[in-house]
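Since the structure is predicted, the reported quantities are computational estimates derived from the model, not experimental observations.
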Amino acid sequence: MMASPRLETYCCPNRDAATDFVVTFQPQIFGGICIGSAGLSLIFAILQILPKRKGYRRLGQDPLPKPASSSRILFIISICDILGCSGIVVRSSLWLGLPNLVSGISIANNSDVWPEVFCVGSAMWIQLFFSASFWWTFCYSVDVFLVVKRSAGVSTIILYHMITWGLAVLLCVEGVAMLYYPSISSCENGLQHAIPHYVTTYAPLLLVLLVNPVLFARTSTAVTSLLKGRQGIYTENERRLGSEIKIRFFKIMLVFFICWTPNIINESLLFYLEMQSDLQDDSLKNIRNAALITWFIMGILNPMQSFLNTLAFHGWTGFDVDLRRRRELAWDSGSTSVANAGGYNPIVGSTLLHQSHVQEAKKSMTGNGQSPSDGVSVLSEGSESSTIEIHISSELRDTEDVDADGESMENSTRQ
């Protein structure tokens with residue numbers, strides 16, 4: 001019912017004993033848990049990304065800027081999670097509501113192909129969108145790292161689409177094709193034919209678990225260096241900005257570890273059980289119990305990623321939904337776009353930093369007489385590159401140049 005390669009393996013009539021052991025253990029209770037967890041996560045995740053009447057204030061004129069690449073990536077991750085959750089809800093509901101359909105999967109050489117079609121189709125749907133969510137989470141860490149290094153551009157979001165959807169579809173199809181060779185009604189016996197399927201399923205998951213923390217750590221270090229500026233000054237405002245970025249990254253990885261670590265533990269236990277000659281041996285009782293416990297934990301935590309991710313990305317956005325607002329307003333509840341009447345755009349809030357902190361940093365830098373070239377600004381959401389980019393601001397320098405020109409003209413007039 002949740003995002004596990006064991007669900008595809010269950011579609012084979014001659015499935016292995018370990019898969020049959022966990023999938024057939026209290027299926028009604030397990031299905032109910034999956035429906036409850038996925039249903040709640042689905043409802044609250046959709047509520048989180050809907051536009052709100054409060055929480056997004058925009059000063060300035062239309063048209064609204066398009067969300068930058070990092071904002072889009074976070075939104076796409078949420079959509080993938082929501083679609084994966086919807087697959088879990090549909091699959092679990094049919095498994096509970098149509099027991100005859102499920103029983104037909106276990107009949108070898110069954111003339112009715114619909115049980116297998118439903119089993120494989122629903123499992124591939126769930127795997128595809130959660131796998132795409134993994135790839136997009138990886139691309140998010142790459143994007144924020146490249147932006148800080150000033151290596152990301154307008155075309156990066158197109159490249160991310162090609163990488164994530166291409167790899168997700170390719171690995172999903174390849175893994176399923178290897179699993180169901182030569183046909184779904186007569187899958188090969190033994191563990192060897194299933195290994196490619198498990199590798200293609202867990203490869204993006206392990207990539208995020210191992211690589212994303214490294215990229216986030218390097219990004220945080222680079223942002224801290226940029227916030228210090230050329231003069232090496234690191235004020236309290238800048239320290240809060242750097243801390244806020246680290247907290248955001250930490251929450252994203254915490255949600256991922258909580259939701260998917262049980263899958264790795266459960267898969268390790270089931271592989272160990274598969275290698276035993278007698279699965280029901282008394283010496284394996286603790287291993288079997290641990291496998292069942294982690295199996296039910298997976299049924300709760302896997303679907304909850306959809307809602308928990310939106311909390312990590314945006315915080316709690318509230319219930320005050322306004323469906324009349326444009327879609328762009330819902331991506332980041334903390335984002336603002338500010339433009340004054342003179343056309344000068346000061347530091348604008350991003351999806352990683354609160355607007356108030358950025359404005360305080362601007363005031364403190366200008367008030368302390370710090371060199372204008374050392375001013376730190378956060379890229380506006382209207383830019384096509386990313387919402388986390390930190391760069392040396394030239395806007396303050398341009399403003400002071402105008403002021404200096406005005407003063408020199410006044411002095412010339414007086415003379």
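- With hydrogens and angles ignored, the 3.5 Å screen pairs a side-chain donor or acceptor of Ser122 with a backbone N or O of Phe118.
- Side-chain atoms of Cys11 and Tyr180, non-hydrogen and from C-beta on, do get closer than 4.5 Å to each other.
- Using a 30° and 60° split on the angle between ring planes, Phe44 and Trp316 fall in the tilted class, from 30° to 60°.
- Here the side chain of Asn302 pairs a donor or acceptor atom with the backbone of Cys259 at under 3.5 angstrom.
- Aromatic pair Tyr198/Phe271: centroids less than 6.0 angstrom apart.
- Between Arg6 and Glu274, at least one side-chain N (NZ, or NE/NH1/NH2) sits under 4.0 Å from a carboxylate O, which counts as a salt bridge.
- The shortest heavy-atom contact between Cys85 and Leu42 is CB-CD1, 4.0 Å.
- Side chain to side chain, Thr201 and Gln127 meet the donor-acceptor criterion of an N or O pair below 3.5 Å.
- Checked against the 6.0 Å centroid threshold, Phe129 and Trp125 count as a close aromatic pair.
- Taking 4.5 Å as the limit, every side-chain heavy atom of Lys52 sits out of range of all side-chain heavy atoms of Phe319.
- With contacts defined as side-chain heavy-atom distances shorter than 4.5 Å, the pair Phe145/Ser141 does not qualify.
- The CH2 atom of Trp136 lies 9.0 Å from the OH atom of Tyr160; values are rounded to the nearest 0.5 Å.
- Open room surrounds CE on Met178; 12 or fewer heavy atoms of other groups in view lie less than 6.0 Å from it.
- Under a 3.5 Å cut-off, the side chain of Gln48 and the backbone N or O of Gly315 do form a donor-acceptor pair.
- Taking the six-membered ring wherever Trp is involved, the centroid distance between the rings of Phe134 and Phe256 falls below 6.0 Å.
- Residues Ser41 and Phe307 share a closest heavy-atom pair of OG-N, 3.1 Å.
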Problem set entry | Candidate pair Ile245 and Phe216, rule side chain to side chain contact (heavy atoms under 4.5 Å, CB included), full reasoning | CA-CA 9 Å; Ile245 292 175; Phe216 283 153; over 6 Å; no
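- At least one side-chain heavy atom of Lys251 sits under 4.5 Å from a side-chain heavy atom of Ile247.
- In terms of modelled atom types and a separation under 3.5 Å, the side chain of Asn212 and the main chain of Thr137 share a donor-acceptor contact.
- Atom-to-atom distance recorded for Leu205:CG and Thr261:OG1 is 8.0 Å, nearest 0.5 angstrom.
- Pairing each heavy atom of Thr200 with each of Gly175, the nearest pair is OG1-CA, 3.6 Å.
- Of the N and O atoms on the side chains of Trp95 and Gln28, not one donor lies less than 3.5 Å from an acceptor on the other residue.
- Panel note: side chain Gln276, backbone Tyr272; a donor-acceptor pair is recorded below 3.5 Å.
- Atom-to-atom distance recorded for Asp20:CG and Phe25:CZ is 13.0 Å, nearest 0.5 angstrom.
- Thr294 places a side-chain N or O within donor-acceptor distance of the main-chain N or O of Ala291, the cut-off being under 3.5 Å.
- Separation of atoms CG (Leu270) and CG (Leu279) is listed at 9.0 Å; rounding is to 0.5 Å.
- Under the 3.5 Å distance criterion, the side-chain polar atoms of Ser243 are left unmatched by any main-chain donor or acceptor of Arg240.
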